[in-house]
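Worksheet: the structure to be examined is printed underneath.
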Amino acid sequence: MSQLQSLRGMVDLLPEVLRRWQAVEAEARQHFRCAGFGEIRTPLLETTDLFCRGIGEATDVVGKEMYSFQDRGDRSCTLRPEGTASVVRAALQHGLLSQGAQKLWYAGPMFRYERPQAGRQRQFHQIGVEWLGAESARSDVEVIALAWDLLARLGVGGLELEVNSLGSPEDRLTYRAALVQWLEQRSEALDPDSQARLSTNPLRILDTKNKDTQALLEEAPTLADALSSESRERFEAVQQGLCTLGIPFRLNPRLVRGLDYYSHTAFEITSDRLGAQATVCGGGRYDGLIAQLGGAATPAIGWALGMERLLLVLEASAQADPDGTAAGLVAGSVPDAYIVNRGAQASAAALALARELRGKGLVVELDDSGSAFGKQFKRADRRGARWALVLGDEEAERREVRLKPLQQRGEESVIALTAMAAIVETLQTP
RNA sequence: GCGGGCGUCGCCAAGUGGUUAAGGCAGCGGCUUGUGGCGCCGCUAUUCGGGGGUUCGAAUCCCCUCGCUCGCCCCA
């Protein structure tokens, strides 16, 4: 390619898609504010060690997907592949937890060196929440509801919530041993990927997509059976809580998730409209992470939502229901007024008028071509403007402006340029 | 990282060895130098993602490369 272009998997966000993006962020911001979550912004670049220790060396994210490099001081740096580890690091660094539990949210780019496909980029964007110091089963329910309600608020349909419990770290160890023992006796029946995982990350064999391995796993010991009674009660309380709120969910005993720090509740919200990359939002409890990163043992839970994927389902929802909330967010904004102007004197008056109206919060386009009125009207029409404000030298001379409704036939009116209130009022009436 | 498909104007596309490389949308100009939505006319790719090769001749065939896409993997 001779022309300069962005790096593979790195995409530009152009005004048209950014409109939707900002609508989503505005909703999210408001939603989090109501729930008592405060925004946090952490650096995009962290020491590589943070992610190795936080996410786990054996995970794919750390093992093969990180953007890492040595900086000029010969430190190993990594572009963050996810948000949780950074947020925990920041909370510890600034002693936030000594002030009690922290309810935080963030939004920003993440980086994973993967092969791009629909709904998967190398730089992608997440909106996420982390509730550090959340202990109760109810906090799990509250946090899941926070994600579910945000999606509902955006008008995104066709979603499914899947939940599972990974149990306590001890439960997992016990289960892991039982599973490995069981699978080792049948290892020749496993697909090659799963065989490899037997030694590296056996729990991930559970969500294999290999049909034969899936069939074999039907008979295998289950994580649910390995849960201690305490863990089981906890998980039941979470399910009960979701039922009470009327949030539909599906138990998925195969839901394991790829990052090591998860324990107990794990969940995903998926869409059938995304193809292979179906997860829109994923999260869970990570009671061990904060201690692992050097803090006092502190239970916590959080989730992250993929912005690009969310926008894909949002657009699908908008198409399915043109009058719904999603469609409203997707729709572009249309100018309230388009100022058709021509001539030296009019030109100056038109700019002044545009400034005044914009100051009143109206969306005003000012034609800059100086071409024939017919051309300018044509452009005003193409933009979908509601009103054309006509300002030629005749009008400028008389200190007037003509207002012509464009969306339906109607009388053109003439208002003095000094009667700003009257102009604004006319423009605001549809 | 592995396997399949694809890449022609800003967008959607026809063309599959010899054509001036269709057409539509958008854009610009004109019919209409003070009034849009309809219509008509004209303009907008020396070039087919990029580079090499085969051939008298390549958008069309081959190789490499870049990118997109679908699946695997993984996750948001």
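The shown structure was predicted, so the numbers you read here are calculated from the model rather than taken from an experiment. Residue numbers start from 1 in every chain, and the chains themselves are labelled A, B, ... in the order their sequence lines are given, proteins ahead of strands.
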Touch check for A:Gly9, heavy atoms < 4.0 angstrom, all strands: base, sugar-phosphate only, or nothing? sugar-phosphate
Just call it for A:Ala380: base, sugar-phosphate, or nothing, with non-hydrogen atoms closer than 4.0 Å on any strand. nothing
Are A:Arg89 and A:Thr47 linked by a side-chain donor-acceptor pair shorter than 3.5 Å? no
Compare the ring of A:Phe377 with the six-membered ring in the base of B:U35 and state whether they stack (centres under 5.5 Å, planes under 30°). yes
Taking only the C1' atom of each, what is the distance from B:C63 to B:G71 in whole angstrom? 26 Å
Atom CZ of A:Phe124 and atom C1' of B:C75: how far apart are they, to the nearest Å? 7 Å
Side chain A:Lys375 and base B:G36 donor-acceptor under 3.5 Å: no
With heavy atoms under 4.0 Å as the rule, sort A:Gly128 into base, sugar-phosphate or nothing. nothing
Can you list the residues that meet the side chain to side chain contact (heavy atoms under 4.5 Å, CB included) rule with A:Val330, with sequence neighbours excluded? A:Arg20, A:Leu314, A:Glu315, A:Ala318
When you measure from the side-chain N and O atoms of A:Gln117 to the phosphate of B:G71, is any distance below 4.0 Å, counting only OP1 and OP2? yes
Check whether the side chain of A:Gln121 and the base of B:A76 form a donor-acceptor pair under 3.5 Å. no
Going by purine N1 to pyrimidine N3 plus the second Watson-Crick contact, or the G-U wobble pair, all under 3.5 Å, which nucleotide sits opposite B:A13? none
Identify the nucleotide, in any strand shown, that forms a Watson-Crick or G-U wobble pair with B:C2, with both distances under 3.5 Å; if there is none, say none. B:G71
Once you round it to whole Å, what is the distance between C1' of B:G3 and CZ of A:Arg115? 8 Å
Applying a 4.0 Å non-hydrogen cut-off, can you work out what A:Gln123 is touching in the nucleic acid: base, sugar-phosphate, or nothing? nothing
If you measure from the C1' atom in B:G17 to the same atom in B:C12, how many Å do you get, rounded? 27 Å
Taking the C1' atom in each of B:C9 and B:A26, what is the distance between them to the nearest angstrom? 11 Å
Is the ring centre of A:Trp105 less than 6.0 Å from the ring centre of A:Phe32? yes
Nearest-Å distance once atom C1' is located in both B:C73 and B:C62: 32 Å
When rounded to the nearest 0.5 Å, the distance separating CD1 of A:Ile55 from CG of A:Leu50 is 7.5 Å
Go ahead and name the base partner of B:G36; Watson-Crick or wobble counts if both distances stay under 3.5 Å, otherwise write none. none
Could you give the distance separating B:G42 and B:U32 at their C1' atoms, to the nearest angstrom? 15 Å
Taking a pair as Watson-Crick or G-U wobble with both distances under 3.5 Å, which nucleotide is matched to B:A21? none
No-H, no-angle donor-acceptor pair, A:Glu412 side chain to B:U35 base, under 3.5 Å: yes
A:Arg120 (side chain) and B:C73 (base): donor-acceptor pair under 3.5 Å: yes
